[in-house]
Structures are given as C-alpha cells and as structure tokens.
Amino acid sequence: MVLEKFIVTQMKVTKICCIGAGYVGGPTMAVIAKKNPNITVTVVDVNQDRIDAWNNADVNNLPIYEPGLAQIVKETRGKNLFFSTEIDKTIDESEMIFISVNTPTKTYGKGKGMAADLKYVELCARNIAKVATTNKIVVEKSTLPVRTAQAIKSILDNTGSDVKFSILSNPEFLAEGTAIQDLINPDRVLIGGEFEDAIEVLANIYASWVPQDKILRTNVWSSELSKLTANAFLAQRISSINAISELCEKTEANVNEVAKAIGMDSRIGPKFLKASVGFGGSCFQKDILNLVYIARSYNLHEVADYWEQVTLFNDHQKRRFADHIVNTLYNTVSGKKIGFLGWAFKKDTNDTRESAAIYVADYLLNEQASISVYDPKVPAKKMQSDLNYLNTRSVSENEQQVTVFSNPYEALKDTHAVAILTEWDEFKSYDWNKIYVNMKKPAFIFDGRNLLDKTEMIKIGFEYSSIGQ
Ligand SMILES: NC(=O)c1ccc[n+]([C@@H]2O[C@H](COP(=O)([O-])OP(=O)(O)OC[C@H]3O[C@@H](n4cnc5c(N)ncnc54)[C@H](O)[C@@H]3O)[C@@H](O)[C@H]2O)c1
Ligand SMILES: O=c1ccn([C@@H]2O[C@H](COP(=O)(O)OP(=O)(O)O[C@H]3O[C@H](CO)[C@@H](O)[C@H](O)[C@H]3O)[C@@H](O)[C@H]2O)c(=O)[nH]1
C-alpha cells in the first residue's frame, strides 16, 4: 500500500547527493544535472582517485568510458554537477540522497558466492543516519535484494533524532556502452515507495525529460524485485539462445537464422537473442545468484533451481568456447600463441567485470598457451589484475604468459589463432588479409561474437569457426 504523506509540505529539492561515483552514479547524475539545471548534484565517493579522475580537466580521461558522457560532463561539471570526497557535508546539505554503491556477490560467510554483499549500502545508511540534521528522501539506486529497504529504514528510524527519512527504490536499468542513450530515453523509470508525496518529488525530477507515462510508481518491494527480475529475464534469453547455438552446431542449423526467425514473432521480439561466448558484466550473474539465494532462503528450491540454470549454462558456454579452441588446435595449445581481440565484457565500455575473456584466457593459460591481447579501451594493468584476481597462478606467470598490445596487428602477428571476445565495431574493418599473412598456418579464427563475415574469412584462407553456425 502506498500512503499519501511523508512530510506535510511538499519537499523542494535544490540539492542532490549521490553516494557512489561509479558506472551508475556518474552517468546517472550527469544526466539528472543536465536535465535539471536548477538542482545542484554532487556525487561523492570514498575513493579519492576516482573522484580526482571525475574532476580531470580532460573530459576524455574520465574514470569510465561511455559514448556521450564526456560531453555532458563538460557542459555541467562546475556548474551544477560536482564530484567530491566530502561525504558528510554533502549528505547534510542535500534534501535527496541516492545510494549508488556497489553490491557485489558476497565472498565470505553466509551466502558466500550467492548473496549480495550489502555492507557498503549499510555503511551509507549509517552515515546518513549519523550526519543528517534535516529531513531527507533516501533513494536506493543500487540493485538490492527484495526487502532491503526494510533494513535501511530500520537504521534510519533509530537515530534518536527528530529527522525523518523516506526511502524510495529507484533501480537503474541502463546498460553499459549505451548508458547515456538509455538514461536520456529510458523504456521506463521505476519508483517504489511508501509515501506518495515522496514518490512525486523524485518523479518530478525525472519528469524534466521523461514522459509521465514512462514513470512507473509501485510499492517498494515490487520495485526492488523488478530489477532482479528484469536482469534474470534478459540473461535467460541469452542462455536460451546460447543453448540453441550448441544444438545448431550439431545439426547444421544456423543460430543467427533461428534467432531472426523466432525474433520476428512479436511475442518473442528480436532483442537479446545474439548468441555469444557467454554473457559478462557486473550485473547478470550477480543479480541472478542473488535471486537464487533469496528463493532458497524462502525454501523455494524449484524457483531457485530454475534461475540458477541460467548462470550454470553461461559457465558452460564460456568453457565450451575455450575447449573448442584447444580441440581444434590439435588438442593442445601448449606453447602456442593465441591472439585475443577484446577484453571488455561488451563493446563501447572499458568495464571488464565478469567478462568472458577473463575466463577463456584463464582456461587457455592452464593449457599453457601464451596470449596476446588487444582491446581499444582496456588498459594492460586492468587485464593483468583481472587474471590475478582469479588466483589461479602467480602474478609473474600471468605477466609472462599474457602480453598486451596497443596495436591489433602487432597483437595478432605470429599467432596460431585469433579469438574474438568482444564485439568492438572496429574489428570488422581490419585488414584481415594482412592479419592472415602474418599468422602461423593454418590460421584459425574463433569468433565468439559472430562478428566477422564467414564467407569472406574462408575466402581469405582462414579456418573460421563461430558460435552456432
Ligand atoms: N554497472 C551497471 O551497468 C549497473 C546498471 C544498473 C544497476 N547497477 C547497480 O548499481 C550499483 C552500483 O554499480 P556500479 O557499477 O556503479 O558500481 P561501481 O563499483 O562502479 O561504483 C560504486 C562506487 O561506490 C563507492 N562506494 C562504496 N561504498 C561507499 C561508501 N560507503 N561511501 C562512499 N562511496 C562508496 C565505491 O568506491 C565505488 O566508486 C550496484 O548495485 C549495481 O548492481 C549497475
Ligand atoms: O543478445 C545478447 C545481448 C547481450 N549479450 C551479452 O550480455 C552481457 C550483458 O550485456 P548488456 O545487458 O547489454 O549490458 P549490461 O551493462 O550488463 O546491462 C545489463 O545489466 C545492467 C545492470 O543491472 C542493467 O541495468 C541492464 O538493463 C542490463 O541490460 C554482455 O556480455 C553482452 O555481450 C549477449 O551475449 N547477447
């Protein structure tokens, strides 16, 4: 049930604080600031380096890469958009506080490997409770398990002061690589809350650019659960088409043709049916595991098993791709050089979290391959730290076995095979004749994104294989 009033007079928002200057906090607040020039938006973070990078005079060197972001930051930063580490002061000065901190999968204790780790969110709630001297609307922007608002409310309602808090759930649906486009033209904005007036305060901020019929108001729990459910459905489509891709490879059906044929059914739709080496990114796996954990905690084991299969199949798809490389290269890649095109989890982002490339590389390194990598946006340091994080081998072994290049032609020179792990557009326009000439023969391409033209590659002389065709 949504109640009518949180604070008797409608609160006017002149200052917004967003805790967490990450992939969501940064772009979301930049767009809110651009569309609401009368509101001062300050994004705060404990990470001084990240804040310094957001304040970098050169907007082309912001901590995250998103098409269109640099331009908006250029227009708004220093006017009504600020990045700061002064967390307490900013919280107290603001009427509305977004919590946009990371909620990774727990790596310890109860729920390890499944549940969302809510310690950063709880720290934010405690911080707000400690420093707030005036009434606040607190907005959950992070993706949270259903009923988290209850815990936040309990912390905020037990400060012993007269300060009142209203908690809203406003999950973010942007996808990386298209964040600005998604924020400017969202399919919907979802606001869950207990009090109608607080919901409307936030709805008014979005109404500066989002049509009213796209602003959905729900209760808090529906809003929290909708976010996990949306990601579960999207990821499920990818695992479903990937499962069909394996069947295609056995039957000479072509997964691109199957995807097109089923996608033209308006009940199915064409999006998220692209077969691939497996989905990556910071959200899908984490959010599904969280959903599975929640279902199990209510003893809903069939529900949990159903959704868990989506991530289990994704693990299978990544392993299957790596296995296929080894099998095709005459059952051994030991001492062979494999060229990787792409390390990011998808194109147009520098984010590598849960990228399929990391797991395929790890598998091939276990088989004693050496890997040379090129990605247009991911720095070498990040690739090495992604591998080191897995703890499979020593730092020096990773450094020895993986070489990172800033030129794709150099990366692919003298390789036995090319593996395409990210669908960067530029890979399509490379001089593949030149790449072929400089590779060992037979020259293999393993296209994990079905990016290249199969007929053309075969014509050049490559042994070409892709997903599901
Ligand atoms: N990345 C996406 O595309 C995406 C999209 C939708 C939703 N989400 C959700 O949004 C949330 C944030 O994701 P992200 O990708 O922006 O994470 P991120 O790791 O890029 O950024 C989180 C930031 O929060 C900061 N932080 C953590 N605890 C803090 C504290 N107590 N005080 C101040 N700062 C603190 C960290 O230093 C970090 O810079 C997650 O719950 C995620 O699931 C992410
Ligand atoms: O048909 C497809 C579509 C995507 N992918 C892969 O799936 C992963 C995720 O892609 P995408 O969903 O586009 O990017 P994310 O930034 O992870 O965005 C997802 O996760 C966000 C965080 O919760 C949500 O806000 C978004 O709505 C949701 O799309 C990537 O590895 C893609 O390459 C495929 O393999 N095939």
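Both ligands and their constituent atoms are indexed starting at 1 by order of listing. Side chains included, hydrogens not; waters and symmetry mates left out as well; all remaining heavy atoms used. FYI, the numbering just counts along the sequence from 1.
What sits closest to atom 16 (O) of ligand 2 on the protein, heavy atoms only, is E176 N, 2.7 Å. With hydrogens left out, the protein atom closest to atom 31 (N) of ligand 1 is C124 SG, 3.9 Å, a heavy atom. With respect to atom 33 (C) of ligand 1, the closest heavy atom belonging to the protein is I19 CG2, 3.3 Å. Summary of contacts: the protein heavy atom closest to atom 4 (C) of ligand 2 is I238 CD1, 3.5 Å. The protein atom (non-hydrogen) at minimum distance from atom 14 (O) of ligand 2 is K346 NZ, 3.3 Å. Nearest to atom 41 (O) of ligand 1 among the protein's heavy atoms is T103 OG1, 2.5 Å. Given atom 27 (C) of ligand 1, the protein heavy atom at minimum distance is N102 OD1, 3.2 Å. The shortest contact between atom 33 (O) of ligand 2 and any protein heavy atom is with R449 NH1, 2.6 Å. Among all non-hydrogen protein atoms, the one lying nearest atom 29 (C) of ligand 1 is V101 CG1, 3.6 Å. Considering only non-hydrogen protein atoms, atom 17 (O) of ligand 1 sits nearest to R353 NH1, 3.8 Å. Of all protein heavy atoms, the one lying nearest to atom 10 (O) of ligand 1 is V24 CG2, 3.6 Å. Scanning all protein heavy atoms for the shortest distance to atom 36 (N) of ligand 2 gives K274 O, 2.9 Å. At the shortest separation from atom 2 (C) of ligand 1 among protein heavy atoms lies E176 OE2, 3.4 Å.
An N or O contact shorter than 3.5 Å is missing between T143 and ligand 2 by distance. At least one N/O-N/O distance between T143 and ligand 1 falls below 3.5 Å. At a 3.5 angstrom cut-off on N or O pairs, F345 counts as close to ligand 2. In terms of polar-atom proximity, L174 is counted as a contact of ligand 2, with an N or O under 3.5 Å from an N or O of the ligand. The N/O atoms of C283, backbone and side chain alike, include none that comes under 3.5 Å of an N/O atom in ligand 1. Polar contact check, K141 against ligand 1: no nitrogen or oxygen pair lies under 3.5 Å apart. The shortest N or O to N or O distance between D45 and ligand 1 is below 3.5 Å. An N or O contact shorter than 3.5 Å is missing between G281 and ligand 2 by distance. The shortest N/O to N/O separation between F284 and ligand 2 does not fall below 3.5 Å.
Every atom of ligand 2 is numbered from 1 in the order shown, and the set under 4.0 Å from a heavy atom of S276 is 34 (C), 35 (O). Within the listing of ligand 2, atoms 29 (O) sit less than 4.0 angstrom from a heavy atom of L234. Close approach to C283 involves these atoms of ligand 2, each under 4.0 Å from a residue heavy atom: 20 (O), 21 (C), 22 (C), 23 (O). Within ligand 1, counting atoms from 1 as listed, the ones closer than 4.0 Å to a heavy atom of K286 are 42 (C), 43 (O). Numbered from 1 in the order shown, with element, the atoms of ligand 1 that lie under 4.0 Å from a heavy atom of E172 read 6 (C), 7 (C). Close approach of ligand 2 to F173 (heavy-atom distance below 4.0 Å) involves ligand atoms 24 (C), 25 (O), 26 (C), 27 (O). Below 4.0 Å from some heavy atom of K227 lie the following atoms of ligand 1, by number and element: 6 (C). Those atoms of ligand 1 that come under 4.0 Å of a heavy atom in Y23, given as number and element, are 1 (N), 14 (P), 15 (O), 16 (O), 20 (O). Residue contact check: K227 has heavy atoms under 4.0 Å from atoms 22 (C), 23 (O), 24 (C), 25 (O) of ligand 2. Close approach to I87 involves these atoms of ligand 1, each under 4.0 Å from a residue heavy atom: 33 (C). Proximity to G280 (heavy-atom distance under 4.0 Å) selects the following atoms of ligand 2: 8 (C), 9 (C), 30 (C), 31 (O). Those atoms of ligand 1 with a heavy atom of S282 less than 4.0 angstrom away are 1 (N). Counting the atoms of ligand 2 from 1 in the order shown, those under 4.0 Å from a heavy atom of E172 are 25 (O). For ligand 1, the atoms lying closer than 4.0 Å to a non-hydrogen atom of S100 are 12 (C), 22 (C).
Tested against F98, the residues V43, V138, V24, N170 include a single side-chain contact (heavy atoms from CB on, under 4.5 Å) partner, N170.
D447 places a side-chain N or O within 3.5 Å of a backbone atom of L452 that can act as its donor or acceptor partner. Using modelled atom types, one side-chain atom of R217 and one backbone atom of I215 make a donor-acceptor pair closer than 3.5 Å. Under the 3.5 Å distance criterion, the side-chain polar atoms of S466 are left unmatched by any main-chain donor or acceptor of N450. Side-chain atoms of E224 come within 3.5 Å of backbone atoms of A149 as a donor-acceptor pair (strictly under, hydrogens ignored). No donor-acceptor distance shorter than 3.5 angstrom exists from the side chain of K89 to the backbone of E93, with no hydrogens or angles considered. A donor-acceptor pair under 3.5 Å links the side-chain atoms of K227 to the main chain of E172, judged by distance alone.
Counting heavy atoms under 4.0 Å from ligand 2, residue I241 does not touch it at all. Heavy atoms of Q285 found under 4.0 angstrom from ligand 2: none, in either backbone or side chain.
Summarising the local packing, CD of E252 is surrounded by 12 or fewer heavy atoms from other residues, nucleotides or ligands at distances under 6.0 Å. At most 12 non-hydrogen atoms from other residues, nucleotides or ligands lie less than 6.0 angstrom from OH of Y298.
Using cut-offs of 30° and 60° for the angle between ring planes, the F446 and F444 rings count as parallel.
Looking only at side-chain heavy atoms (C-beta outward), I99 and E140 stay at 4.5 Å or farther from each other. When side chains are defined from C-beta on, T422 does not count as touching L341, because their heavy atoms never get closer than 4.5 Å. Two residues are said to be in side-chain contact when any heavy atoms from C-beta on lie closer than 4.5 Å; W209 and K34 fail this criterion. Between E249 and S465 there is no side-chain heavy-atom pair separated by less than 4.5 Å. Annotation: side chain of C18 is not in contact with side chain of T28 (no heavy-atom distance under 4.5 Å). Taking the side chain as every heavy atom from C-beta outward, V46 and N127 never approach each other to under 4.5 Å.
Ligand 2 has no atom lying under 4.0 Å from any heavy atom of R237.
For the pair R188 and F173, the cation sits on the ring face: its NZ or CZ lies under 6.0 Å from the ring centre, inside 45° of the axis. Judged by a 6.0 Å distance limit and a 45° cone about the ring axis, K318 is positioned over the six-membered ring of Y359.
Between F313 and H316, the ring center distance clears the sub-6.0 Å criterion. Residues F427 and W432 keep their aromatic ring centres 6.0 Å or farther apart.
Of all non-hydrogen atoms in A21 and W54, the two that sit nearest each other are O-NE1, 2.8 Å.
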Does the pair C248 and N254 meet the rule for a side-chain contact (heavy atoms from CB on, under 4.5 Å), with working shown? CA-CA 6 Å; C248 286; N254 178 324; over 6 Å; no

